[in-house]
There are 4 protein chains.
Amino acid sequence: MARAKPNKELRPAILDEARQTLVAEGYRALSMRRIARAVGCTATSIYLHFRDKDDLLHALIHEGLERLHEQLLVSIDGIEDPRRRCERLCRSYLEFALENREYYEVIFSLHPEHMKRYPQALYRRARGNLEFFAESIAAVAGRAGDRKDSDYLQAHVIWAQLHGAVSLHLTERLDFRLSVLSFLDYAVQNALSALPSTDDQK
Amino acid sequence: MARAKPNKELRPAILDEARQTLVAEGYRALSMRRIARAVGCTATSIYLHFRDKDDLLHALIHEGLERLHEQLLVSIDGIEDPRRRCERLCRSYLEFALENREYYEVIFSLHPEHMKRYPQALYRRARGNLEFFAESIAAVAGRAGDRKDSDYLQAHVIWAQLHGAVSLHLTERLDFRLSVLSFLDYAVQNALSALPSTDDQK
Amino acid sequence: MARAKPNKELRPAILDEARQTLVAEGYRALSMRRIARAVGCTATSIYLHFRDKDDLLHALIHEGLERLHEQLLVSIDGIEDPRRRCERLCRSYLEFALENREYYEVIFSLHPEHMKRYPQALYRRARGNLEFFAESIAAVAGRAGDRKDSDYLQAHVIWAQLHGAVSLHLTERLDFRLSVLSFLDYAVQNALSALPSTDDQK
Amino acid sequence: MARAKPNKELRPAILDEARQTLVAEGYRALSMRRIARAVGCTATSIYLHFRDKDDLLHALIHEGLERLHEQLLVSIDGIEDPRRRCERLCRSYLEFALENREYYEVIFSLHPEHMKRYPQALYRRARGNLEFFAESIAAVAGRAGDRKDSDYLQAHVIWAQLHGAVSLHLTERLDFRLSVLSFLDYAVQNALSALPSTDDQK
DNA sequence: CATGAATGAGCTTTCATTCAT
DNA sequence: CATGAATGAAAGCTCATTCAT
């Protein structure tokens, strides 16, 4: 008894719904049935668009990473000074997290257990975001175009600082008396202190 | 037919078991039935000691914070130099996280949804851990015993750096080619760069 | 929301229902939910009495084997002549299959896939039925109490003849124009022809 | 958007695939989707060639009976001695069963429930296999070409012995310490003892 | 303080099947 | 002749929770 109303927009609708539920109520509340109910199809239909639940989650992550990538890209467009580029990258990263909570949480809070089958290609793509940082860091050190491993390492540390700040905020572990903005600002500042001092390049 | 096994200490036994399961097999494996089986009582009995599963989780989190607290306390015992105290605090924090992976995740990353009913009193207690940092920071600034808000803020930023590094690692988001130890080391180093320079106090 | 009406007779009720469904509609129609519906409990309740579906099936088989065992035992009670004992065993076996179709099909038609975890102890018990045959065969050969491997082999062959006849009948593969009784009679006769000729013992 | 892959021979391809799946992985693995995937069409397409799954199964059974028929036919080709013909038939039958385990089960053990709609005509065809036996039996009795009902009955009994032996083996109900080959050999021997003694015809 | 029996809702996934195209 | 999208039913099983005893 299949009424075929070819709902071409089902896939994005599923992703939207999943993202919202994930943010609002966490992974445990995310079930295929629930998504189906919310978008108005049967659970079975979801399996026409995604191999399984993990596949759906991977699609979510992919989407999120793409958006983040784009936003970071735009943020440094036309900025020449490498130090300022770094700062812009940091602030843009925070903005993305705050304004796209849904995406951010999906990307970073999913348990590794569910990432086992995450396609290698996407992992590589994800690392692209860190290259932005690494390259800018190399530039700060006066080695534009000559990115070293240590730059990549530094990029990770900066990232960790940003991610830590953001996720403590998003999971509501911060002392409520704290000014969130000051906190994030300070975090960026400290992240940037990881940059090589500009004197090095002289 | 209630054979009263005089198990006066059931509550701590439940928590012990729950913690072990959590550390060893993660959140997904933590079910009331399973805890009951492992501890040698029925699932029903658990409800005599905990209102519901969230309540148990809250107790676990509380316990975890206490343990972390203790570990941090011990780590700085007898260390006079405030800078070294800070470093010890950082390293001790990382150790705790790495040795209690899944436990750490529950404590610091559990979705806010599950924390709705978490008692205010415990939140306050949790902040105690940050006071350690804040006080050491004040000491670094030559204001031992005179902790300011900005010290507290700085403590949060340091915490964010540590938490960010740890959770990127635990959720396996790091580039696999990276040396985890170098990364964590660098993160600590950068966290500490948030400390006021010792020159300030002159 | 558990109304505890302690239905002490649930376990046998489940087994009864399962047996009936199995015979009437085959394994594919046998589901936990269906059994539950029929006996008036929830599917979950079944799991209080049986570890899982296979466990339930094993219980069915066990029950069936016990009954068959008993019936065979009774059938030869007081019969001295070994040849007549054999015949009685054969006929009793057929009777059991025809009169307890439910049990018989359960015992022998379940796919090996589901038998993987069947407890060794029960297998041993099952072989007991064949010992009846083997011992009688030994007796026919004038070696009462001195059962040899070849007797055991012969017992298996006799069993195969009986089982083949019965199952072709039960699965309705026989030509409908055939007289079932003659067929079974003939099968018994042929089974017994596997017995050592009485002359041997002279 | 129907790209008409001129797959005129889809029906046999489906049957081939179904048979292979059946032999290799058993009934449980036999789903419409799976067949479709393997054969390179959609599940829907199967329904153009078969009313439903049972219909497909019936076709498989038919096919199986035909193959068995052919194999039996070949096995006695050129054999004159009626006794030897019988033996060859028996052994050929066993070979077929052992080499097509799961296939054999579907043909001869599928629950009657699934056979409700099995066309009468095919049943008649199936009986053809038994005629082989019956005719050889008549020949043994020196009545070649004059097949009697009793021969047909005897054929059934022989069949029952073979089927019983095979299915006890296939469903793994035999004592594992038993030599399967000896057992089957003995079963054939006993099946053949159902033949009229050659002396009778004098 | 503790239990045993039971519940209902929920889970992911698979299946045979149907419809408009 | 074939498809892609969709369906509803069902599967086995686990979970947190409750109630009478």
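Letters go in sequence order (proteins before strands), and every chain restarts at 1.
- Heavy atoms from other residues, nucleotides or ligands lying under 6.0 Å from CZ of B:R51 number 12 at most.
- The residue among B:D54 and A:C41 whose nearest nucleotide of DNA chain F is located toward the 5' end is A:C41.
- For the segment residues 18-34 of chain C, the set of residues with a heavy atom within less than 4.0 Å of an atom of DNA chain E comprises C:R33, in numerical order.
- When side chains are defined from C-beta on, C:L56 counts as touching C:L15, because their heavy atoms get closer than 4.5 Å.
- Summarising the geometry, atom NZ belonging to C:K116 is positioned 10.5 Å from atom NE2 belonging to C:H58; distances are rounded to the nearest 0.5 Å.
- Mapped onto DNA chain E by nearest heavy atom, A:K53 and D:R51 fall at different nucleotides, with A:K53 at the one closer to the 5' end.
- Side-chain contact check for D:H49 versus D:I14: some heavy-atom pair is nearer than 4.5 Å.
- Applying the 4.0 Å criterion to OP1 and OP2 of E:dA6, one finds that C:S45 has every side-chain N and O outside that range.
- Using a cutoff of 4.0 Å between basic side-chain nitrogens and carboxylate oxygens, C:E63 and C:R67 are not scored as salt-bridged.
- Rounded to whole angstrom, the span from the CZ atom of D:F50 across to the C1' atom of F:dC1 amounts to 15 Å.
- Side-chain contact, A:Y118 with B:E172: no donor N or O sits under 3.5 Å from an acceptor N or O.
- One atom, CG of A:L48, and another, P of F:dA6, lie 6 Å apart when rounded to the nearest Å.
- Rounded to a whole Å, the CD1 atom of A:I46 is 17 Å from the C1' atom of F:dG4.
- For the pair D:H49 and F:dC1, the criterion of a side-chain N or O lying under 4.0 Å from OP1 or OP2 is not met.
- At a threshold of 4.5 Å between non-hydrogen side-chain atoms, the residues A:Y104 and A:N100 do not count as touching.
- Proximity of A:D52 to A:R117: side-chain heavy atoms (C-beta onward) are separated by under 4.5 Å at one or more points.
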Donor-acceptor list for residues 26-34 of chain B side chains, cut-off 3.5 Å, not counting sequence neighbours:
from, atom 1, to, atom 2, distance (Å)
B:Y27, OH, A:R28, NH1, 2.2
B:R28, NH1, A:H114, NE2, 3.2
B:S31, OG, B:R34, N, 3.1
B:R34, NH2, B:E25, OE1, 3.3
B:R34, NH2, B:E25, OE2, 2.4

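- Here the P atom of nucleotide E:dA5 and the CD1 atom of C:I14 are 12 Å apart, to the nearest Å.
- In this entry the distance linking CZ of C:R37 with P of E:dG8 reads 15 Å, nearest Å.
- Remark: C1' of E:dT7 and OH of C:Y47 are 15 Å apart, rounded to the nearest angstrom.
- With rounding to whole Å, A:D52 atom CG is found 14 Å from E:dC15 atom P.
- DNA chain F forms stems at E:2-21 with F:2-21, each a run of 3 or more consecutive Watson-Crick or G-U wobble pairs whose two key distances fall under 3.5 Å.
- Contact of B:T44 with F:dT18 (side chain to base): a donor-acceptor pair of N or O atoms is detected under 3.5 Å.
- Atom CD1 in B:I35 sits about 14 Å away from atom C1' in F:dT17, given to the nearest Å.
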